[in-house]
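Shown next, in C-alpha cells, is the structure this report addresses.
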Amino acid sequence: MNMGNSSGTPEPPPATEPPARHTTGSGSQPSAKGAERRGEPARHATGSGSQPSAKDAETRGEPARHATGSGSQPSAQGAETWFCGRRVAGDRALVMAIVNRTPDSFYDRGATFTDEAAMDRVARAVDEGADMVDIGGVKAGPGATVDAAEETLRVVPFVAAIRAKYPDLLISVDTWRGEVARAAVAEGAELINDTWAGADPELVRVAAETGAGIVCSHTGGAIPRTRPHRVRYADVVAEVTATVVAAAERAAAAGVRRDGIVIDPTHDFGKNTYHGLELLRGIDSLVKTGWPVLMALSNKDFIGETLGVGLTERVEGTLAATAWSAAAGARIFRVHEVAETRRVVDMIAAIQGIRPPARTLRGLA
C-alpha cells in the first residue's frame, strides 16, 4: 500500500443536541412469550399500522405529508438534519457504501483491495448517491490473520486520501480495534463502526475523546471473526434491543457525541437465519427507542438461506428487506449496491409523503 497521509488531524466536530425521543408505532406489538425451539424465535407482529392517516384533502394534486415518528427517522419537517456534526438528508434514509480493503471479502472477493480500485469504488458510490462510505480492512468471517499493524496500513492512509479528495463526505471506519479507530479518526474518519459489540472497550473512549460517532452492535458475545453455532435467544428482538440501547446509553454517558450514536441489530453476527427474519419483523422495537437504527443487510447469509440462492442472487432479497426496514423508520443502510438502495429509500420516503417526487408531469402538464 502506498497511499500517503494527505490530511492533518481534524478538529472534533461540534457537539449538537440530539433530537427529542418519541415512540413510534401503535404500541400494539406483542412480546415473545415462549422460548425458542430449534433456534426459531417466537414471532412478533409488525407492520405500518403506526403510520398516521391523512387528515387534510389534497391540494393541487399534492397530498398532505406525514411525519414518521422520532427525530432519528426521516422527517417531513425538514430536508436536512445532523449526523456526526454534518448536515445530512432528513427526508429519507441514509446510504452507507461498503468499501472493503481486504483481499478476501465474502462478497467482492478483493475487488477493492488495491488503492486505485478502492478509490474508484468511492467515486462511484458518491456518484450513485451514497451519503457516507464505510472502510474496512479485515474480513468479518474466519480467514487469514490480520494484525493491527496490517489493518492500519490497509485503512488509515486510505481514509486520509478520501478526506483529501472528498472533504464533505462522511467517512466511517469498520474496526473493532481501538488503536486502528484512533488512527483513522485522526486522518478524517467521523464514525467508528464497531461491528463486534465492544470487543475492545477502548473504542468508546476513542469516540468520546476524538468527537467521533459510534455504532453500537449486538453479537451475542461472539468473538471477532467467528461464526455463530446453535445460538439461542428466548426473545431475540428483546435481547438485541436491550443490548444495543444499553450500549448507546453507556456511550452517551462516556461523552460520545449524541448526534453520532447509532444502534445496529447486526444481522448474521451471533445469529441464525430465523433470528435475522425475526429482527426484521420486530424492527419497530428498535426504531421506537429513538436511537437511529443502522441496518447492515446487504447480501448476507440469512437472505441467501431464506431464498435458497447463492451469493450473486441476493440483491432482490436485500432490497426487499431494505424497503421493509426503511418503511419502519430505519435511518442508515450499509450496502454494496448503492444506486439501487438509494432508489428504494427515495421511493419509500415518497410513498410516506416525506420526500416529494423528482418530477411530476403526468396528468399535470
Side-chain angles (χ1 to χ4, degrees), residues 9-19 21 71-72 82-86 88 94 96 132-138 140 146-149 151-152 155-156 159 170-226 239-267 269-271 286 289-296 331-332 334:
T9 302
E11 291 294 324
T16 58
E17 288 298 317
R21 299 188 193 178
S72 65
W82 293 89
F83 180 63
C84 289
R86 289 184 180 268
V88 295
L94 304 178
M96 172 191 279
M132 63 192 86
V133 292
D134 187 46
I135 314 302
V138 183
V146 180
D147 62 17
E151 184 184 3
T152 299
V155 170
V156 175
V159 168
L170 269 162
I171 302 174
S172 168
V173 57
D174 180 354
T175 184
W176 77 87
R177 291 175 168 137
E179 60 189 289
V180 177
R182 189 178 293 277
V185 172
E187 294 298 343
E190 293 140 307
L191 180 66
I192 300 168
N193 185 9
D194 177 15
T195 54
W196 289 103
D200 182 355
E202 180 70 12
L203 283 177
V204 170
R205 186 177 300 110
V206 171
E209 291 176 356
T210 62
I214 194 164
V215 178
C216 301
S217 60
H218 173 279
T219 63
I223 298 170
R225 305 195 68 192
T226 62
E239 157 84 13
V240 169
T241 302
T243 298
V244 296
V245 167
E249 291 173 349
R250 287 194 301 271
V256 178
R257 60 183 308 135
R258 293 184 67 97
D259 74 335
I261 299 174
V262 180
I263 60 174
D264 175 8
T266 327
H267 281 73
F269 286 59
K271 303 170 191 72
L286 290 159
T289 66
W291 294 103
V293 178
L294 183 151
M295 298 294 278
R331 187 70 179 102
I332 305 171
R334 181 180 183 272

Checklist entry - Given I192, which of L203, V256, D174 fulfils the side chain to side chain contact (heavy atoms under 4.5 Å, CB included) condition? => result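 Of all the options given, the one that passes is L203.
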Next on the checklist: Using the rule side chain to side chain contact (heavy atoms under 4.5 Å, CB included), only one of V262, L170, L191 pairs with M96; which is it?
Outcome noted: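 Among V262, L170, L191, the one that satisfies the side chain to side chain contact (heavy atoms under 4.5 Å, CB included) with M96 is L191.
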Quick check: does any side chain N or O of [X] sit under 3.5 Å from a backbone N or O of [Y], one acting as donor and the other as acceptor?
| X | Y | value |
| --- | --- | --- |
| D194 | W176 | no |
| K271 | G220 | no |
| E151 | G137 | no |
| S217 | T266 | no |
| T243 | E239 | yes |

Checklist entry - Going through the distances and angles, do R177 and D200 end up as a salt bridge (charged side-chain N to carboxylate O under 4.0 Å, His left out)? => result CA-CA 6 Å; R177 291 175 168 137; D200 182 355; over 6 Å; no
Checklist entry - Are any of the side-chain heavy atoms of P292 and I263 separated by less than 4.5 Å? => result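 They are not in contact (no side-chain heavy atoms under 4.5 Å apart), so the answer is no.
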Item to check | Heavy-atom side-chain contact between S172 and E190 under 4.5 Å | outcome: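 Side-chain contact under 4.5 Å: no.
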Checklist entry - Is it true that R334 and D264 have a side-chain N and a carboxylate O under 4.0 angstrom from each other? => result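 No, this pair does not count.
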Item to check | Electrostatic pair E209:R182 at N-O distance under 4.0 angstrom | outcome: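 Here E209 pairs with R182 in a salt bridge, since their nearest N and O are under 4.0 Å apart.
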Next on the checklist: Does either side chain, that of T152 or that of E179, offer a donor lying less than 3.5 Å from an acceptor on the other one?
Outcome noted: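 Looking only at side-chain atoms, E179 and T152 do not form any donor-acceptor pair under 3.5 Å.
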Nearest heavy-atom neighbours spanning [X] and [Y]:
| X | Y | result |
| --- | --- | --- |
| T219 | T195 | CG2-O, 3.4 Å |
| T289 | L286 | OG1-O, 2.7 Å |
| A251 | V204 | CA-CG1, 4.1 Å |
| A140 | W196 | O-CZ2, 3.4 Å |
| G213 | A207 | O-CB, 4.2 Å |

Next on the checklist: Apply side chain to side chain contact (heavy atoms under 4.5 Å, CB included) to residues F83 and I332 and explain how you reach the verdict.
Outcome noted: CA-CA 11 Å; F83 180 63; I332 305 171; 3.9 Å; yes
Next on the checklist: Determine whether V156 and V159 satisfy the following criterion, side chain to side chain contact (heavy atoms under 4.5 Å, CB included), listing intermediate values before the conclusion.
Outcome noted: CA-CA 5 Å; V156 175; V159 168; 5.6 Å; no
Item to check | From CA spacing to verdict: side chain to side chain contact (heavy atoms under 4.5 Å, CB included), T175, N193 | outcome: CA-CA 6 Å; T175 184; N193 185 9; over 6 Å; no
